[in-house]
Amino acid sequence: MHARAIHRCIHVLDLEKSLEFYEKALGMTVVRRMGPEDHSWENVFIANEESGFQMELTWNDGRTEPYVNGGRDTHVCFAVDDIDAYRALHEEMGVVCFVNNTMGLYFIEDPDGCWIEIVANNPNNVGQPGTDVLAALRRRHSVRRYTDEEVPDEKLNAIVEAGLLSAAGRGIRPWELIVVRNPETLAALAAMRVEGSARMLLGAKAAIVVVAREEAADTWIEDCSICMANMHLEADALGLGSCWIQGRMRKADAEGASTEAYVANLLGLPEGYVLEATLSVGVPAEHKAPAALTDKLLAKVHYERF
């Protein structure tokens with residue numbers, strides 16, 4: 001069992017003043033916010049691109065007395081893969097000191113009286129992208145069910161940036177990205193694969209269609225695949241869900257019409273451009289456990305000779 005430190009919490013009196021300070025002094029910007037509708041309190045998570053570790057700034061309405069930020073309310077949070085197993089272990093150790101079943105978390109107390117928060121590993125608890133590639137790969141899943149929550153522009157732009165910065169053969173970058181947000185267009189795209197294989201787009205809040213100018217590079221398939229994979233990982237790193245919907249060599253209906261022709265007509269692709277795939281994007285309505293190496297996967301590794 002392994003636990004991963006993900007954030008440290010401190011309490012602040014003036015949230016906006018603190019946010020301004022951390023951005024100016026340390027380049028830390030807002031990753032996510034949470035709090036009740038009555039705005040009686042708010043938790044704001046901030047981070048920068050240099051580290052996956054986050055600061056959690058907790059603000060309480062009406063508080064005027066300074067906090068003792070060396071006390072129990074200031075804590076380090078650890079994310080764990082199997083929170084039930086950890087809870088059983090910590091109960092056995094007799095160190096569980098506070099439980100919040102509504103939020104699905106609990107605290108343990110160390111020998112010096114310091115509280116430590118334990119939460120389940122999920123996409124909302126990850127740090128900034130690029131800090132641990134293996135962790136991101138273990139966490140990544142194809143997500144086909146989404147909530148009704150909108151995808152923020154800044155997160156969608158970051159996913160696009162991950163695609164634009166992708167490696168490509170000889171640096172040609174033959175791909176073009178078409179970002180779709182219009183619900184009617186998303187619904188039409190959901191019909192691009194026979195037997196409903198693209199129906200997850202009906203619940204998605206955005207899609208990124210990857211096409212390429214075929215004559216630009218003989219590696220266009222590989223280049224587009226790298227672009228898709230990078231965007232898929234970035235979506236997960238931002239706490240979003242995504243799914244790769246293959247377009248090349250796929251059919252749109254039982255009569256044999258191609259997905260490529262369907263998308264070309266729908267999105268107005270210029271002549272000479274071909275479809276690789278589409279990435280659906282949304283806030284995940286499901287969270288899966290991180291993947292792990294299995295004997296079957298390890299058996300695919302060969303050394304020196306096959």
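No hydrogens, no waters, no symmetry mates; every other heavy atom, side chains included, goes into these values. These numbers come from a predicted model, not from an experiment.
Although no hydrogens or angles enter the test, the distance criterion places no donor-acceptor pair under 3.5 Å between the side chain of R181 and the main chain of P183. When atom types are taken as modelled, the side chain of T278 and the backbone of I245 share no donor-acceptor pair closer than 3.5 angstrom. Although no hydrogens or angles enter the test, the distance criterion places a donor-acceptor pair under 3.5 Å between the side chain of T259 and the main chain of K251. Although no hydrogens or angles enter the test, the distance criterion places no donor-acceptor pair under 3.5 Å between the side chain of R173 and the main chain of E176. Looking only at distances, a side-chain donor or acceptor of Y106 sits under 3.5 Å from a matching main-chain atom of R87.
Here the closest heavy-atom approach between residue R199 and residue G196 is recorded as NH1-O, 2.6 Å. Closest approach of H302 and R305 over heavy atoms only: CB-O, 3.5 Å.
Aromatic rings from H7 and F53 are positioned such that their centres are separated by 6.0 Å or more.
Note on W59 and I10: same hydrophobic cluster, where clusters join Ile, Leu, Val, Met, Phe, Trp and Tyr whose side-chain heavy atoms are under 4.5 Å apart, directly or indirectly.
Partner L156 forms a side chain to side chain contact (heavy atoms under 4.5 Å, CB included) with one of L240, L238, I208 and no other, that one being I208.
In this structure, S242 OG and M228 CE are separated by 8.0 Å, a value rounded to the nearest 0.5 Å. The distance from atom CH2 of W115 to atom NE2 of H75, rounded to the nearest 0.5 Å, is 10.0 Å. In this structure, CZ in R248 is found 5.0 Å from CD in E276, a value given to the nearest 0.5 Å.
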> salt bridge (Lys or Arg N to Asp or Glu O under 4.0 Å) between R170 and D223: does it pass, once the steps are laid out?
Replying inline: CA-CA 10 Å; R170 292 169 288 167; D223 296 338; over 6 Å; no
